[in-house]
Structure formats: structure tokens, C-alpha cells
Participant: 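Starting off with a structure, shown below.
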There are 2 protein chains.
Amino acid sequence: MAEVPDRPLRADARRNREKVLRAAQEAFAEHGMGVPLDEIAGRAGVGPGTVYRHFPTKEALFEAVVAARMQDLITAARAGAHAADPGEAFFGFLALLADEAGVKRDLSDALVAPPAVATSLRTDLRAALEVLLTRAQQAGAVRDGIRVDDLFALLKGLMAALVETADDARDRLIAVVVDGLRAPR
Amino acid sequence: MAEVPDRPLRADARRNREKVLRAAQEAFAEHGMGVPLDEIAGRAGVGPGTVYRHFPTKEALFEAVVAARMQDLITAARAGAHAADPGEAFFGFLALLADEAGVKRDLSDALVAPPAVATSLRTDLRAALEVLLTRAQQAGAVRDGIRVDDLFALLKGLMAALVETADDARDRLIAVVVDGLRAPR
DNA sequence: AACGATACGGAACGCACGCCCCGGTTGGCA
DNA sequence: TGCCAACCGGGGCGTGCGTTCCGTATCGTT
């Protein structure tokens, strides 16, 4: 996915690319995908033109920033695919996701964004989540009837709820959703 | 809130005002507050200038559209304030809200919008919700520890989750949140 | 040291949108 | 019917933002 250039980048180009990525990471995390690109360029101490030399579009930059974190989530989800306690694995993943989302707006934007953004990443995450969910359901830890798409919608909502919410309230909100997902007694 | 003009409106003005309101209602319900004002004007068969003759700002138009529905919610919430079964009243209100929100984007936008929008309506809704929530908690139908602000955040999230979600999935999502709100055990 | 390729910066463009203005039109009253 | 105020329409302004262009600076090689 990440193309390796035919010839190595010039030293300053490589440096600037890094600066842009770092600045974008901060800016996206704080304000979501809505940040003006000029602000990102400004934080990086670079002109807008330079940003576009490295990333063809704002969306591409966003994906580049989110990709790593998204990949981490996917890895975490896959890691739980064979856990001894499927319920724990499932809810542990939820907690992880919620933790990230509470502070980083970019991640929640990545899930809420139009389907064209980060498509392959979302597909992978979906697949990994499906395993987690199915196993948790078979183990009786999560109620039946819930589908992966339901889960995505739920996560989308949870993200929206967590954005700009006080830390102490976050745990309560997460608890509500988690307990709602548990199999009825 | 809605000023009654010193002198009655001219016939065509009155007619156009109605047309604008109807068009705005449709447009806001479909696409949320993000619709271009020109589109609303277009649907109403009217120029943008005419819209601004009747509503000083786009926000004002939005509030005018949402006010009625919001008022209904507030009324419904207040109606449940003395219900025999506080739990039923609380969850019934939630169902009502979710029903509206699933189809009408405007309502959810009204809750998610910056606090400056529809402030007094939100304050009233908040107050009415507080009664519902507290009584439901005292009756043991809703878990303790949940605050009104938590509820608002939760509703905000639920709205986000319900937007652009298939009808059959909606019930499942609502069920998750509702069961999560129920008192444990 | 010098030259060509590479990359930089920021001014400028196009577009979308909220909002305003003004020449023309229409409704209601005498 | 004729007049005046009220009202309409849409062109236009200002702004913010994504994206592009190009003259200039910098790198890396000979």
C-alpha cells in the first residue's frame, strides 16, 4: 500500500515528510479531519505546497496518519481471536478502542468518515471484529442477534458520545454500552 | 420566542414563509443542518434573499424548524414526570426519541449542535429529562451513577449510531443501550 | 565549484457557502 | 384604478478551504 519510491528521497524531503506527518498526527488527533490543511502545514513549519508534494490529497494524508493506529487496532483484534476467554477478549478490545477514541478525534473520524476513506483498513478491522464477536457470542458473553454492522454502528455512536466528554463520565458511558452488549441473564 | 409582527404579513409573504418552512423541514430532516441554504430556497421555489427576509440567519431557520418537534419531546418528557411506572416512562421516552432520530437528521443535529443553538429548548429538555431519570433511578429501573449529562452524551451517541442505519438494525442498537441503562442484576 | 535535478514556499485559483443589496414586482388600501 | 409600501429574486460580496503553479532555493553529484 505504501509505495516505495523508485529513487530515495532527498534528505530535506525526507525530513519535511516526517515533520508533516507529525504535525498532521497532532492536528488530526485534536480537531479531527476538519482541520484546515494550512494549519497542518503551519505546525510543520512548511508551505501547503510541500504537503501536497508528499501526499496527493488531504484524505491521503489523513489515511497515512490513521493507518498506523488503525493497524494497531486490527492487530489487537486479531490477537484476541484465539484467546482463552472470548468474552474478555471482546470487551478488552472495546475498552482499548474506547480509550483511544476518547482522546484522539482522528480515530473516531476514521470510522465515521465516508466509506471511501480507509476502505481496506476498515475491511480488515471488520473481519477481525467479526471473529471476536462471533466467538464471544458462542461463549455466551455477548447477546445473540448482534451483527458486525451493528457493532460498527454502535462503535460509531460510542465514539460520538465520547468526544468532548469528561474523563470521569467516559467510564460510565462505556459501562452502559458494554453491559448492554452482555448476554441477558 | 417567535415574535408576532406588529402588522400582519402580506398574503404572498405569509405564503412564502410557509413554503420556506416546509422546504427547510424536508431538507434539514434529510441532510441535517449541513444543507446549503440555496438548496432550501430552491426547494421552496424562492430566492435566497426571501429566506433571509423571514429568518435572520440559517441557525434561526433551523431552530424554527426544530422547535416544534423539540417541544413535543419536552412535552412528552414532562408528561411522564408523574407516571405510575417511572421506568416505563423513562424508557418509553427513549424509544420515542430514537424513533424520531432514526429518520430525521435534524433532531439529532439539534442535540449535537454547538450549545449556542436552541439553547433554551435544550435546557428545558434537560430539566424534563432529569426528572424522568431521577424517578426511574429511585424506582430501581435505571442504574445509579448515571447523570443527566451522561444521558445527553449517550443520546448524542445513539443518534449518531442510528443515522444511516437500516431499520431492522435500529431496534437492536436501541436494545443494547436500553439494557445497558437498566439497573444491573 | 558548478550544474542539473529535486524540492520548497506561498501566492493564487476555483469552489462552496452564508449573507446582503437593489432594481423590479406585487399586494392592499384609498 | 392608481399609488405606495412591502416584498421578491438573484446577482454579488466576503470568507474559508482544498488544490495547483511557478519562481526560487537546496541538494547531491561530477
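Note that these values count all heavy atoms, side chains included, but never hydrogens, waters or copies made by symmetry. Each chain gets a letter, A, B and so on, in the order the sequences are listed, and its residues count up from 1.
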Participant: Of B:Leu133, B:Asp150, B:Leu94, which is the lone residue that meets side-chain contact (heavy atoms from CB on, under 4.5 Å) with B:Leu181?
Facilitator: B:Leu94
Participant: Picking from C:dG9, D:dG18, C:dA7, which would you name as closest to the side chain of A:Ala13?
Facilitator: C:dA7
Participant: When you check the phosphate oxygens OP1 and OP2 of D:dC8, does a side-chain N or O of B:Arg53 lie under 4.0 Å from one of them?
Facilitator: yes
Participant: Would you indicate what A:Gly34 reaches in the nucleic acid, counting non-hydrogen atoms under 4.0 angstrom: base, sugar-phosphate, or nothing?
Facilitator: nothing
Participant: With sugar-phosphate meaning primed atoms plus P, OP1 and OP2, does A:Val20 contact a base, only sugar-phosphate, or nothing at under 4.0 Å between heavy atoms?
Facilitator: nothing
Participant: Rounded to the nearest angstrom, tell me the gap between atom CZ in B:Arg15 and atom P in C:dG27.
Facilitator: 7 Å
Participant: Take atom NZ of B:Lys19 and atom C1' of D:dC8, then tell me their distance rounded to the nearest Å.
Facilitator: 10 Å
Participant: What is the distance, to the nearest angstrom, from the CG atom on A:Leu61 to the P atom on D:dG18?
Facilitator: 11 Å
Participant: Less than 3.5 Å apart, which donor and acceptor atoms pair up between the side chains of residues 74-85 of chain A and the rest of the protein, not counting sequence neighbours?
Facilitator:
from: A:Thr75; atom 1: OG1; to: A:Gln71; atom 2: O; distance (Å): 2.8
from: A:Asp85; atom 1: OD1; to: A:Gly87; atom 2: N; distance (Å): 3.0
from: A:Asp85; atom 1: OD1; to: A:Glu88; atom 2: N; distance (Å): 3.1

Participant: Which heavy atom of A:Leu132 sits nearest a heavy atom of A:Ala89, and at what distance?
Facilitator: CD2-O, 4.2 Å
Participant: With nearest nucleotides of DNA chain D determined for A:Pro56 and B:Asp12 from heavy-atom distances, which residue corresponds to the more 5′ nucleotide?
Facilitator: B:Asp12
Participant: Can a side chain N or O of A:Thr50 be found less than 4.0 Å away from OP1 or OP2 on C:dG9?
Facilitator: yes
Participant: side-chain contact (heavy atoms from CB on, under 4.5 Å) with A:Asp144: which residues, sequence neighbours excluded?
Facilitator: A:Gln137
Participant: Counting only side-chain N and O atoms of B:His54, is one of them less than 4.0 Å from OP1 or OP2 of D:dC8?
Facilitator: yes
Participant: Can you tell me if A:Tyr52 touches the phosphate of D:dT20, counting only side-chain N or O atoms and a distance under 4.0 Å to OP1 or OP2?
Facilitator: no
Participant: Below 4.0 angstrom from OP1 or OP2 of D:dT19, is there any side-chain N or O of A:Thr57?
Facilitator: yes
Participant: Expressed in angstrom and rounded to an integer, what is the separation of B:Met33 atom CE from C:dC17 atom C1'?
Facilitator: 14 Å
Participant: Closer than 4.0 Å, any side-chain N/O of B:Asn16 to the OP1 or OP2 of D:dC7?
Facilitator: no
Participant: What's the closest nucleotide to the B:Leu37 side chain, out of D:dC22, D:dT19, C:dG18?
Facilitator: C:dG18
Participant: Taking any heavy-atom pair under 4.0 Å as a contact, classify B:Val35: base, sugar-phosphate, or nothing.
Facilitator: sugar-phosphate
Participant: Can you measure A:Asp38 atom CG to D:dT20 atom P for me and round it to whole angstrom units?
Facilitator: 14 Å
Participant: Which of these, B:Arg43, B:Lys19, B:Arg105, sits in a salt bridge (Lys or Arg N to Asp or Glu O under 4.0 Å) with B:Glu26?
Facilitator: B:Arg43
Participant: Using whole Å, report how far CZ of B:Arg14 lies from P of D:dC8.
Facilitator: 12 Å
Participant: Just the rounded figure in Å: distance from C1' of C:dG18 to NZ of B:Lys58.
Facilitator: 8 Å
Participant: Just the rounded figure in Å: distance from P of D:dC8 to CG of B:Leu9.
Facilitator: 9 Å
